[in-house]
Novice: 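Structure in structure tokens, see below.
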Amino acid sequence: MTTSPPPSAAAAAGARVQTKITIADSQHMVNLLGARDDILKLIERSLSSDIHVRGNEITISGTPADNALAERVFAELLELVQKGETLTVDAVRRVVGMLEQGSAERPAEVHTLNILSQRGRTIRPKTIGQKRYVDAIDVHTIVFGIGPAGTGKTYLAMAKAVQALQAKQVNRIILTRPAVEAGERLGFLPGTLYDKIDPYLRPLYDALHDMLDPDSIPKLMTAGTIEVAPLAYMRGRAQPLTAKVLTPDGWRPIGDLAVGDLVVGSDGLPTPVLGVYPQGRRPVYRVTTQDGASTLACGEHLWTVRTPDDRSHGRPSRVLQTQEMIGQLRRGYLHRYELPLVDPVEFVPQEVPIDPYALGLLLGDDCLTTSTTPSFSTADPELAQALEAALPGIELYRETDVDSVLPNESGSRGGVIVANPVTVALREIGLAGTRSDTRFVPEIYRFNSAAVRLAVLQGLLDSAGEPVIQRTGRIHYPTCSSRLRDDVVFLVRSLGGVAYVGHRHDAYVLGIRLPDGLQPFRLRRKQAAYDRCGGGRPMRFIDGIEPAGEAETICIQVAAADSLYVTDDLIVTHNTLNDAFIILDEAQNTTPEQMKMFLTRLGFGSKIVVTGDITQVDLPGGTRSGLHVVQEILDGVEDVHFARLSSADVVRHRLVSDIVDAYARWDEAQQQPAGPTSLPGNRTAHGRSGRRR
């Protein structure tokens with residue numbers, strides 16, 4: 001494209017001048033003028049300059065300022081044509097409008113910013129306001145898209161969500177709307193739950209079908225990659241108040257936790273509680289694993305799981321709700337959903353009165369009576385020597401090949417009887433006098449460092465456990481004590497392993513599997529046998545989900561990078577939204593409380609887009625919109641952006657823009673005192689200020 005030289009100084013003073021533009025490519029010229037010169041006619045109507053076309057030359061006549069605008073219009077349109085875009089009347093109208101506004105963004109850049117291409121259709125912003133909105137979504141973690149109907153708020157946000165999913169920037173998309181419509185309540189609508197909520201969510205489904213292969217959408221929703229739900233069903237990621245949560249000091253009811261308290265994360269380390277949100281009385285389910293662990297959670301509670309297919313194809317874990325897994329727990333004879341296991345937990349270290357390995361060996365003996373000198377029975381000299389080495393001040397004396405006693409090295413000094421330190425320690429920790437069916441692991445050892453707990457377990461397994469060669473990786477440990485059974489299960493689980501409980505005659509038999517890197521034995525012959533068969537990989541699968549009535553519930557948000565925490569029986573669970581693209585549509589119909597709940601669900605690696613039209617609130621009278629309130633609260637907060645769209649960004653029928661403006665003028669008039677200046681006849685007849693009609 002070539003143009004004529006700039007006008008003289010006289011012309012610049014306001015005289016009409018001519019500017020000529022030459023288009024070298026004839027096909028570009030045809031595309032620039034449009035079918036039956038539709039594009040040219042629109043340009044002539046939109047600009048003050050006179051436009052004449054002859055061959056490949058365009059002549060522009062008018063004031064220098066008007067001609068400069070016309071030149072920019074043709075330059076931008078020609079660039080679009082050169083990039084392969086097909087000009088439409090609507091696109092040309094928007095180009096002219098952008099240039100009239102004098103914004104820094106070039107229309108050609110706006111109209112070629114492709115977000116998605118699906119089945120020959122490309123989704124891109126069409127106005128400067130939309131481009132700024134899309135750019136803000138790229139830059140900020142939380143973006144509010146506020147503007148009238150037809151400005152593409154939700155549609156563009158969903159396109160960015162699908163783009164992020166396809167680029168593997170997020171693992172899932174969550175689309176939600178408040179289920180409010182003209183004062184109706186879902187419970188009074190006919191049909192099933194899905195029949196009730198479908199009308200509210202249908203626009204979201206329709207947009208998804210525009211952006212994805214329709215055949216893939218059911219699969220993505222079944223897998224939990226895409227979740228579409230009313231806002232009310234997002235808040236219930238909850239457990240009963242009585243559910244236990246593991247903390248660095250031991251178990252605490254989740255209902256007793258407060259912001260700032262420390263709980264144990266999936267890495268076994270402390271993580272602070274960031275939020276505590278009562279959820280009211282809700283139906284709950286008992287979730288049971290194949291190793292006998294269980295906890296209670298509501299139907300919308302979240303679980304990080306991995307299926308055999310995920311593992312075989314190298315896919316990451318997925319996040320599913322409790323209710324999404326009901327009826328889907330097995331594939332043939334195989335469990336489907338594997339839960340993560342906690343890494344070895346680090347409780348607050350404590351001093352202990354007796355060496356933990358020695359305590360494990362003593363617990364593995366038949367009794368811990370303190371009525372006589374403590375004794376120990378073993379046919380293995382290595383164990384006897386290890387016990388003696390672990391008990392300072394004790395000199396083990398073998399009475400037979402099996403039986404030994406543990407006298408004090410200095411049993412009496414100058415005729416004064418000195419208490420046996422083993423006896424003193426056993427009395428201190430409450431084990432004195434216990435027998436095979438009453439033994440237990442004292443709390444000071446159970447809730448201690450991982451090294452202390454492993455040492456106790458090694459002592460127990462060295463004295464009574466055996467590696468089972470024919471079942472790779474399993475260790476069998478028998479006990480007659482129900483308390484010791486439960487304590488050993490806790491030790492194993494808190495070290496990242498799994499433990500199954502069975503019965504043999506009058507004893508419990510535990511099947512134990514520990515993670516790689518944890519040696520369950522110190523006794524050399526057992527250690528060698530275990531190393532030959534290998535440790536295997538401990539796994540925990542969801543085995544059952546059954547209704548368990550109703551309960552008062554609560555949910556917590558933790559600061560851990562994966563948002564996971566440890567609940568009953570050391571089950572790893574969570575209830576915030578990580579690595580997700582979350583869209584809240586029709587946000588003007590949220591209450592301030594709902595908006596706060598929604599925004600505080602934000603997890604690590606996630607992005608939130610909130611869209612709404614503050615002029616179309618359907619909340620009951622007197623209820624403030626959460627979208628109104630949040631602008632007052634979060635305005636100026638770093639990484640939160642408010643993108644405000646206007647009637648100039650409406651991309652529906654031209655009349656929609658005029659309707660929006662008309663209502664805006666009417667609303668403004670209602671807020672003014674009555675007077676001549678507020679009468680419709682005294683206002684301009686033009687629909688949009690600054691735009692030629």
Novice: Report the distance from atom CG of L523 to atom CD of E466, rounding to the nearest 0.5 Å.
Specialist: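 Reported value, rounded in 0.5 Å steps: 8.5 Å.
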Novice: Between the side chain of R453 and the main-chain N/O of S494, is any donor-acceptor distance below 3.5 Å?
Specialist: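 Judged by distance alone, yes, a pair lies under 3.5 Å.
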Novice: Between D569 and S294, is there a donor-acceptor pair closer than 3.5 Å when you use the side chain of the first and the backbone of the second?
Specialist: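 Flag set: sc D569 to bb S294 pair under 3.5 Å.
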Novice: So, do L329 and H335 sit near enough that their side-chain heavy atoms are less than 4.5 Å apart?
Specialist: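 A side-chain contact is absent here, since even the closest heavy-atom pair is not under 4.5 Å.
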Novice: Provide the closest heavy-atom pair for V170 versus A580 in the form atom of the first, atom of the second, distance.
Specialist: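 Residues V170 and A580, closest heavy atoms: CG1-C, 3.9 Å.
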Novice: Do the charged groups of R282 and E550 touch, with an N to O distance under 4.0 Å?
Specialist: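 No, R282 and E550 are not salt-bridged.
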Novice: Could you go through the side-chain contact (heavy atoms from CB on, under 4.5 Å) check for L257 and I254 one step at a time?
Specialist: CA-CA 5 Å; L257 295 176; I254 191 172; 4.2 Å; yes
Novice: Determine yes or no for a side-chain-to-main-chain donor-acceptor pair under 3.5 angstrom, with D261 supplying the side chain and V273 the backbone.
Specialist: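 No; zero donor-acceptor contacts below 3.5 Å.
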Novice: Y500 ring centre to R474 NZ or CZ under 6.0 Å, with the angle to the axis within 45°?
Specialist: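 Because its charged atom sits under 6.0 Å from the ring centre and within 45° of the axis, R474 does stack over Y500.
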Novice: If we only count heavy atoms from C-beta on, is the V259 to L274 side-chain gap below 4.5 Å?
Specialist: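 Side chain of V259 against side chain of L274, heavy atoms only: no contact under 4.5 Å found.
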Novice: State, yes or no, whether a side-chain contact exists between V245 and R252 at a heavy-atom distance under 4.5 Å.
Specialist: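 Result no, sub-4.5 Å side-chain heavy-atom pair not found.
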Novice: How far apart are the C-alpha atoms of R306 and R311, what are their side-chain angles, what is the distance that settles it, and do they pass the side-chain contact (heavy atoms from CB on, under 4.5 Å) test?
Specialist: CA-CA 7 Å; R306 202 174 187 190; R311 186 170 293 279; 3.5 Å; yes
Novice: Side chains of T573 and T295: closer than 4.5 Å at any heavy-atom pair?
Specialist: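 Heavy-atom side-chain distance check fails, nothing below 4.5 Å.
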Novice: Name the one of K526, R525, Q385 that satisfies side chain to side chain donor-acceptor pair (under 3.5 Å) with D380?
Specialist: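 Considering K526, R525, Q385, a side chain to side chain donor-acceptor pair (under 3.5 Å) with D380 is found only for R525.
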Novice: Side chain of E546, backbone of V287: donor and acceptor closer than 3.5 Å?
Specialist: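 Looks like no, no N/O pair under 3.5 Å.
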Novice: Test side-chain contact (heavy atoms from CB on, under 4.5 Å) on L362 and V422 and set out the steps.
Specialist: CA-CA 10 Å; L362 294 172; V422 174; 4.2 Å; yes
Novice: Might you work through the side chain to side chain donor-acceptor pair (under 3.5 Å) test for T288 and D543, ending with a clear yes or no?
Specialist: CA-CA 6 Å; T288 306; D543 185 64; over 6 Å; no
Novice: Side chains of D291 and T289: donor-acceptor distance under 3.5 Å anywhere?
Specialist: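 A donor-acceptor contact under 3.5 Å links the two side chains.
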Novice: Would you find a donor on one side and an acceptor on the other, under 3.5 Å apart, between the side chain of H313 and the backbone of D309?
Specialist: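 Between the backbone of D309 and the side chain of H313 there is a qualifying donor-acceptor contact (under 3.5 Å).
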Novice: What I want to find out is whether R537 reaches E338 closely enough, with some N-O distance under 4.0 Å, to be called a salt bridge.
Specialist: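 Here R537 pairs with E338 in a salt bridge, since their nearest N and O are under 4.0 Å apart.
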Novice: Between A425 and I354, what is the shortest heavy-atom contact and its length?
Specialist: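 So the two residues come closest at CB-CB, 4.1 Å.
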Novice: Using the rule side chain to side chain contact (heavy atoms under 4.5 Å, CB included), only one of V352, I429, L391 pairs with L359; which is it?
Specialist: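 Going through V352, I429, L391 one by one, the side chain to side chain contact (heavy atoms under 4.5 Å, CB included) with L359 is satisfied by I429 alone.
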Novice: Is any side-chain heavy atom of Y277 closer than 4.5 Å to one of Q557?
Specialist: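 In contact.
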Novice: Quick check for you: to the nearest 0.5 Å, what is the distance between I475 atom CD1 and I512 atom CD1?
Specialist: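 So the CD1 of I475 and the CD1 of I512 are separated by 6.0 Å.
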Novice: Heavy atoms only: give me the nearest V572-V342 pair and the separation to one decimal.
Specialist: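 Closest approach of V572 to V342, heavy atoms only: CG2-N, 3.6 Å.
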Novice: I'd like to know if R522 pairs up with E382 as an ion pair, taking the criterion as any Lys NZ or Arg NE/NH1/NH2 lying under 4.0 Å from an Asp or Glu carboxylate oxygen.
Specialist: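 No, R522 and E382 are not salt-bridged.
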Novice: Looking at every non-hydrogen atom in both residues, tell me the closest pair between G360 and S463 and how far apart they are.
Specialist: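 Nearest heavy atoms, G360 then S463: O-OG, 3.9 Å.
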Novice: Any donor-acceptor pair under 3.5 Å linking the side chain of K244 with the backbone of G250?
Specialist: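 The answer is no, because no donor-acceptor pair under 3.5 Å joins these two groups.
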Novice: Please step through side-chain contact (heavy atoms from CB on, under 4.5 Å) for the pair H301 and V284, ending with a clear verdict.
Specialist: CA-CA 9 Å; H301 192 72; V284 294; over 6 Å; no
Novice: Quick one: pull up CG in D639 and CG in L634 and give me the separation to the nearest 0.5 Å.
Specialist: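 Here the interatomic distance stands at 11.5 Å.
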Novice: Using a cut-off of 6.0 Å, state whether more than 12 heavy atoms not belonging to R281 lie near its atom CZ.
Specialist: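 Result for CZ/R281: enclosed.
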Novice: Do the side chains of F581 and S606 get nearer than 4.5 Å, heavy atoms only?
Specialist: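 The answer is no, as the side chains (C-beta and beyond) never meet within the 4.5 Å cut-off.
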Novice: Using a 3.5 Å distance criterion without hydrogens, assess whether the side chain of Q290 forms a donor-acceptor pair with backbone atoms of F541.
Specialist: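 Looks like yes, one N/O pair under 3.5 Å.
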Novice: Between CD1 of I545 and CD of E324, what distance do you get to the nearest 0.5 Å?
Specialist: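 So the CD1 of I545 and the CD of E324 are separated by 10.5 Å.
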Novice: Around atom CZ of R286, are there more than 12 heavy atoms of other residues, nucleotides or ligands at under 6.0 Å?
Specialist: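 It does: R286 CZ has more than 12 such atoms within range.
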Novice: Would you check if the distance from the ring center of F490 to the ring center of F447 is below 6.0 Å?
Specialist: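 Yes, close enough.
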Novice: Determine the minimum heavy-atom distance between P467 and F521, stating which atoms define it.
Specialist: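 Distance-wise, the nearest heavy atoms are CD-CZ, 3.6 Å.
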Novice: If only atom types and distance count, is the side chain of D487 paired as donor or acceptor with the main-chain N or O of V441 below 3.5 Å?
Specialist: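 Yes, D487 side chain to V441 backbone: donor-acceptor pair under 3.5 Å.
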Novice: How long is the straight-line distance from CE of M325 back to OH of Y285, given to the nearest 0.5 Å?
Specialist: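 The OH atom of Y285 sits 11.5 Å away from the CE atom of M325.
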Novice: If we ignore hydrogens and angles and just use 3.5 Å, is the side chain of T322 paired with the main-chain N or O of C298 as donor and acceptor?
Specialist: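 Pair found, side chain donor or acceptor close to backbone of C298.
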Novice: Measuring from atom SG of C480 to atom CZ of R435, what distance do you get when rounded to the nearest 0.5 angstrom?
Specialist: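 Here the rounded value is 13.0 Å.
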Novice: Any side-chain heavy-atom pair from R493 and V498 closer than 4.5 angstrom?
Specialist: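 Of all side-chain heavy-atom pairs linking V498 with R493, none is under 4.5 Å.
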Novice: Counting only N and O atoms by type, is there a donor-acceptor contact under 3.5 Å from the side chain of T567 to the main-chain atoms of I571?
Specialist: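 Absent.
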Novice: Take a 6.0 Å sphere around NZ of K596 and say whether it holds more than 12 heavy atoms from other residues, nucleotides or ligands.
Specialist: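 It does not: K596 NZ has 12 such atoms or fewer within range.
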Novice: Between L387 and A358, which heavy-atom pair has the shortest distance, and what is it?
Specialist: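 Looking at all heavy atoms of both residues, the closest pair is CD1-CB, 3.8 Å.
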Novice: Could you tell me whether the side chain of P538 reaches within less than 4.5 Å of the side chain of L341, counting heavy atoms only?
Specialist: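 Result yes, sub-4.5 Å side-chain heavy-atom pair found.
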